[in-house]
Amino acid sequence: MRGAERPAFTQRSGFYFRTRPHGFAAHVCASPQNLCAVRQLARAELLAQGIEDEAVDSAQLVLSELVGNSARAYGDYVPIVVEVYVTAYGVALNVHAPDPGALPRRRATPLDSAEAEAGRGLGLVDLLAPGWHVRRSTIGKQVHCRVPAEPGWN
């Protein structure tokens, strides 16, 4: 779907985005509605960049886990910055949150556990975006990862 038409997204209270080369940065207050909008924006942008559906689905799942973790750690409507962009090495996803001290922690919950209701999210991120890491940023902290994908412009 290289060169596909991008749908129009409107700025609104608690949701601001700007384009960047091969992607976007969105400044949002974490909420279910804004997560949905960021996921839709990511899907449209990644398909327009020629990323295959499977990698787009993986990027959306990773994005959901990282934004969801921020909301659980800091509460609904916490201000976060989400960056999604395509590189020669895949889809880069960055989620900036305000507190550098609250670090995501992997739990020992097996991915195939029928009894677990939570705790598998970072295990999924490990599978879909191996090598993710956390670093301090001017905002607080940044969780950075890359979903392997072939850009359509290679």
Side-chain angles (χ1 to χ4, degrees), residues 1-9 15-74 78-100 102-112 118-154:
M1 188 164 174
R2 186 175 304 144
E5 183 76 21
R6 291 171 183 83
F9 286 89
F15 184 90
Y16 171 81
F17 72 94
R18 62 182 171 79
T19 59
R20 64 178 287 176
H22 308 293
F24 66 90
H27 301 250
V28 303
C29 290
S31 70
Q33 299 82 9
N34 286 341
L35 174 56
C36 183
V38 168
R39 285 175 49 91
Q40 290 173 355
L41 185 58
R43 179 169 210 65
E45 182 62 37
L46 296 175
L47 290 173
Q49 294 291 331
I51 301 298
E52 298 292 328
D53 280 333
E54 186 175 332
V56 171
D57 292 342
S58 294
Q60 285 185 294
L61 180 56
V62 168
L63 190 60
S64 292
E65 289 299 329
L66 297 180
V67 171
N69 284 349
S70 291
R72 279 185 293 284
Y74 307 111
V78 62
I80 60 174
V81 177
V82 176
E83 297 175 287
V84 177
Y85 55 96
V86 177
T87 72
Y89 307 104
V91 177
L93 303 167
N94 300 324
V95 175
H96 301 262
D99 184 0
L103 301 176
R105 283 181 259 147
R106 293 170 181 91
R107 294 184 186 164
T109 307
L111 290 176
D112 61 353
R120 295 178 280 207
L122 291 178
L124 289 171
V125 174
D126 284 337
L127 288 174
L128 300 173
W132 65 273
H133 60 277
V134 182
R135 60 182 165 218
R136 290 190 188 278
S137 75
T138 57
I139 295 169
K141 75 164 178 271
Q142 174 194 63
V143 179
H144 171 77
C145 62
R146 186 180 65 226
V147 173
E150 291 289 326
W153 39 264
N154 259 355

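- The CG atom of Leu46 lies 11.0 Å from the OG atom of Ser58; values are rounded to the nearest 0.5 Å.
- With contacts defined as side-chain heavy-atom distances shorter than 4.5 Å, the pair Val28/Ile80 qualifies.
- A heavy-atom distance below 4.5 Å is found between the side chains of Val38 and Phe15.
- Relative orientation of the Phe17 and Phe24 rings is perpendicular, given thresholds of 30° and 60° on the angle between their planes.
- Considering only heavy atoms from C-beta on, Tyr85 comes within 4.5 Å of Asn94 through its side chain.
- To the nearest 0.5 Å, the span separating CG on Asp126 from CD on Glu65 amounts to 11.0 Å.
- Applying the salt bridge (Lys or Arg N to Asp or Glu O under 4.0 Å) test to residues at least two apart or on different chains, the pairs with a partner in residues 80-89 are Arg20-Glu83.
- Here NE2 of His96 is found 7.5 Å from OG1 of Thr138. Values are rounded to the nearest 0.5 Å.
- Within 6.0 Å of the CZ atom in Arg135, the count of heavy atoms belonging to other residues, nucleotides or ligands exceeds 12.
- Expressed to the nearest 0.5 Å, how far CD of Gln60 lies from CG of Leu35 amounts to 9.5 Å.
- When all heavy atoms are compared, the tightest approach of Ser64 to Arg39 is OG-NH1, 2.6 Å.
- Across every non-hydrogen atom of Val134 and Lys141, the tightest pair is CG1-CD, 3.8 Å.
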Take Val125 and Leu61, measure what side-chain contact (heavy atoms from CB on, under 4.5 Å) needs, and give me the verdict at the end.
CA-CA 8 Å; Val125 174; Leu61 180 56; over 6 Å; no

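- The closest side-chain heavy-atom distance from Leu93 to Val82 is not below 4.5 Å.
- A pairwise comparison of heavy atoms in Arg146 and Thr87 identifies CD-OG1, 4.3 Å as the closest pair.
- In terms of heavy-atom proximity, Trp132 sits nearest to Cys145 at CB-CB, 3.4 Å.
- Residues Asn34 and Cys29 share a closest heavy-atom pair of ND2-O, 2.7 Å.
- In this structure, Pro98 and Pro79 approach most closely via the heavy-atom pair CD-O, 3.7 Å.
- Residues meeting the side chain to side chain donor-acceptor pair (under 3.5 Å) test with Asp57, sequence neighbours left out: Arg43.
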